[in-house]
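Below: one structure, written as structure tokens.
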Amino acid sequence: MHSLFNPGNLLAPRKPAWWSGLLLSFGVALLFYMATSASIEHDAGERFENMARNTQYTINAKIKSYTDVMRGAASLLQNGAPTTRAQFQRYVTGLDLPKHFPAMETVNFALALSAQQLPAFEAAMRADSSLASDGYPPYQLKPPGARARYAILVFVEPIAVVHERFGFDIETRAGASLAESRDTGELSVTGVPIMLPSRPQHVGMAMRLPVYRAGAPTSNVAERRAAYTGSVGIGFSLYTLIGSVLGDSPNNTFRLALYDGGKYSGTPDLTHQAGDRPLFSNVPANDPRLAVGGAFQRPEFTLTLPIDYNGRLWKAHFSVDKNALYTRFDHYFPWLSMLAGFISTMLIYALFYTLSSSRLRAVTMAKDMTKELRDSQASLQLSHHQLRELAAHADQIKEQERKRIAREIHDDLGQNLLVLRIEADILASRTGARHPRLHARARATLDQIDSTIKSVRQIINDLRPNVLDLGLAAAVDWQIGEFRRRTGIVCEQTNYHSDITLNDRCATAFFRILQESLNNVSRHAEASRVQVSLTLIDGRLAMMISDNGVGLQANERNKVGSFGLVGIEERIRILGGTFSIISSPGAGTTVYVSVPFQATEADAQPLDGPYGDDIFAVI
């Protein structure tokens, strides 16, 4: 009698335990639902964090760019010679604020004055007839009154937008921070928003940098006070700056609340404090999404990140509704996953025995496919090797053909041209006195023959320069001289090894690589200087060609129809060497090739070239 609890009965084809399969399917479906929901929420959270960190990076980058503008203005003001209002105006106009810095309201300079210096300064300003021509209104001290120190805005650009700031004494508002900036030499910022006259609905922020006399010592507080001439500053709309960043966000429900948390010291405390000053928020106070107590009714992602505002800590609180990051498919996908899990589990359970046999067939098929794949890879590697050998053979045949054509041109056409020149020279000599017209024609013919001989010589050098027979070092030196003469670009050789001995194949390859690289420089690099080095380091012969040109764009190296760099790489690989190219837009290009060096005797060639005596030496 068989036992009722025989485990084989549960899986027996004649007695399927359908209820256990059903329970298993429900359990797997629930796991699918939970896992899919968690994965979707995790992906949405990752996207939210990436958006928040991108926004943080962009805000930091914009603040740094504004700081760089201010430092550039400070450099202009302390370049040694007194800076005029027109020069400052040209500097700010050249920045093209509406296009490049749309949030920036003003760039200005405040002149530091004592009470004793004020009368003479005001008299000079009232007598200055160039104010109107520069677009400035008549000078007037704002606010009026006697004070011990003054910091008067004398350069305010663009003046058409902020003309009312001309003559304003910022010492009345920021005296303490100006004094601290003057004594430390550091940039001065505060966390206090200011109202913008041109945009009443916006608030702005300001930064100032002390300016000292050019060449004056500033190593201590006393020297900095003595050299202090004023401060340069900028004012920008915080709402425009943050709004432009958020405008690039792919999600329009992305919310940001910005608070000033005081001076940045050590590890930032990103928790919300009672003393944090609100600076910006793109969520209206009456937003219906806000619940009682200030929390969002809907589930949301939140993240607080620090922003370094030149020594002050800004706390950027990012938030977004979770549902805003879900697509319509994301809402239904967990249920679809649950259904798929249930159906697939039922099928797996029902077809257990069938899949067991199918697995064996699949393993056998996989082995066969793997064998075929390996055979295909071996055939592909063999074909690749044969193509490379064919390419090497083709290069060798091409160089031999060039050498043969150059020799035939030299031996046949060169000899004929030389004989023709001798005859023309004799004719010119004998007709010089008695036949002036014939003599002139003979001289013209002689000049034409000389020009033809030069062209033939150039063709021979283009096919295969004779200097290659003197060694690679001499050929490199000749090619650098030809490049310098032809293009006018400064080209010099560094790390020169004159005693390198190698076979003709390797020397020709290196020479052709140098030719191709210099041609690329002359055609595309827009460079003014090129450096070439030929060195023998650790048993490897290396050549490097560097220029200070415009560099390569990201997609130029593999540009369709361009085979220069491909040819260089293939020549080096045929020799068993390595090839690399280092370049970035605006930073120039460096081509580096190296091959294992085995000292061999160069191909035996007479020192006067493969063609015998140089018949063109008469020119």
Side-chain angles (χ1 to χ4, degrees), residues 45-75 95-107 177 181 184-194 196 199 202-209 232-252 254-273 275-283 301-320 584-586:
E46 290 288 335
R47 291 198 302 272
F48 164 73
E49 183 174 349
N50 288 336
M51 288 190 295
R53 294 195 180 278
N54 287 338
T55 303
Q56 174 202 28
Y57 174 80
T58 305
I59 294 174
N60 278 324
K62 286 183 177 291
I63 291 175
K64 183 180 183 303
S65 68
Y66 288 2
T67 304
D68 292 341
V69 168
M70 186 171 57
R71 294 189 185 278
S75 300
L95 294 175
D96 195 359
L97 298 184
K99 179 179 180 181
H100 301 293
F101 307 95
M104 194 177 297
E105 292 287 322
T106 177
V107 183
S177 61
S181 177
T184 61
E186 300 294 332
L187 188 144
S188 170
V189 295
T190 65
V192 181
I194 57 177
L196 299 176
R199 305 182 189 183
H202 286 197
V203 296
M205 302 298 292
M207 298 185 288
R208 303 205 69 81
L209 188 68
V232 62
I234 63 168
F236 60 92
S237 168
L238 187 59
Y239 274 66
T240 302
L241 186 147
I242 303 298
S244 65
V245 175
L246 295 180
D248 297 333
S249 174
N251 194 302
N252 57 7
F254 199 65
R255 299 183 292 274
L256 170 62
L258 193 64
Y259 302 90
D260 180 81
K263 290 189 176 181
Y264 206 118
S265 59
T267 303
D269 182 8
L270 299 180
T271 59
H272 185 68
Q273 304 294 330
D276 292 346
R277 179 181 288 110
L279 299 176
F280 172 87
S281 177
N282 65 339
V283 181
F301 294 110
T302 61
L303 181 64
T304 302
L305 296 174
I307 294 176
D308 184 7
Y309 177 54
N310 293 302
R312 294 193 70 85
L313 173 62
W314 282 0
K315 301 176 183 179
H317 182 74
F318 299 92
S319 59
V320 68
S584 59

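Just so it is clear, the structure is predicted and the values come from calculations on it, not from any experiment. Numbers here simply count residues along the sequence, with the first being 1.
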Would you tell me whether Gln273 and Asp269 have side-chain atoms, one donor and one acceptor, within less than 3.5 Å of each other?
yes
Those residues at least two apart in sequence (or on a different chain) that pass side-chain contact (heavy atoms from CB on, under 4.5 Å) with Ser584 are Ala587
Which residues share a side chain to side chain donor-acceptor pair (under 3.5 Å) with Glu186, sequence neighbours left out:
none
Residues at least two apart in sequence or cross-chain that pass side chain to side chain donor-acceptor pair (under 3.5 Å) with Thr267, listed by chain then number, are none
Residues forming a side-chain contact (heavy atoms from CB on, under 4.5 Å) with Pro268, sequence neighbours excluded:
Tyr264, Leu270, Pro306, Leu313
Under the side chain to side chain donor-acceptor pair (under 3.5 Å) test, residues paired with Thr67 that sit two or more places apart
Asn310
Side chain Thr240, main chain Phe236, donor-acceptor under 3.5 Å
no
For His272, does its backbone N or O pair with a side-chain atom of Asp276 as donor and acceptor, under 3.5 Å?
no
Ignoring hydrogens and geometry, is there a side-chain-to-backbone donor-acceptor pair from Asn282 to Leu256 under 3.5 Å?
yes
Assess the residue pair His317 and Tyr259 against the criterion (ring-ring contact (aromatic ring centres under 6.0 Å, His included)); give the C-alpha distance rounded to whole Å, side-chain angles, the decisive distance to 0.1 Å, and a yes or no.
CA-CA 8 Å; His317 182 74; Tyr259 302 90; 7.6 Å; no
Any side-chain to backbone donor/acceptor pair from Asp308 onto Gly311? Under 3.5 Å, distance only.
yes
Among all residues two or more places apart in sequence or in another chain, which pass the ring-ring contact (aromatic ring centres under 6.0 Å, His included) test with Phe101?
Tyr66
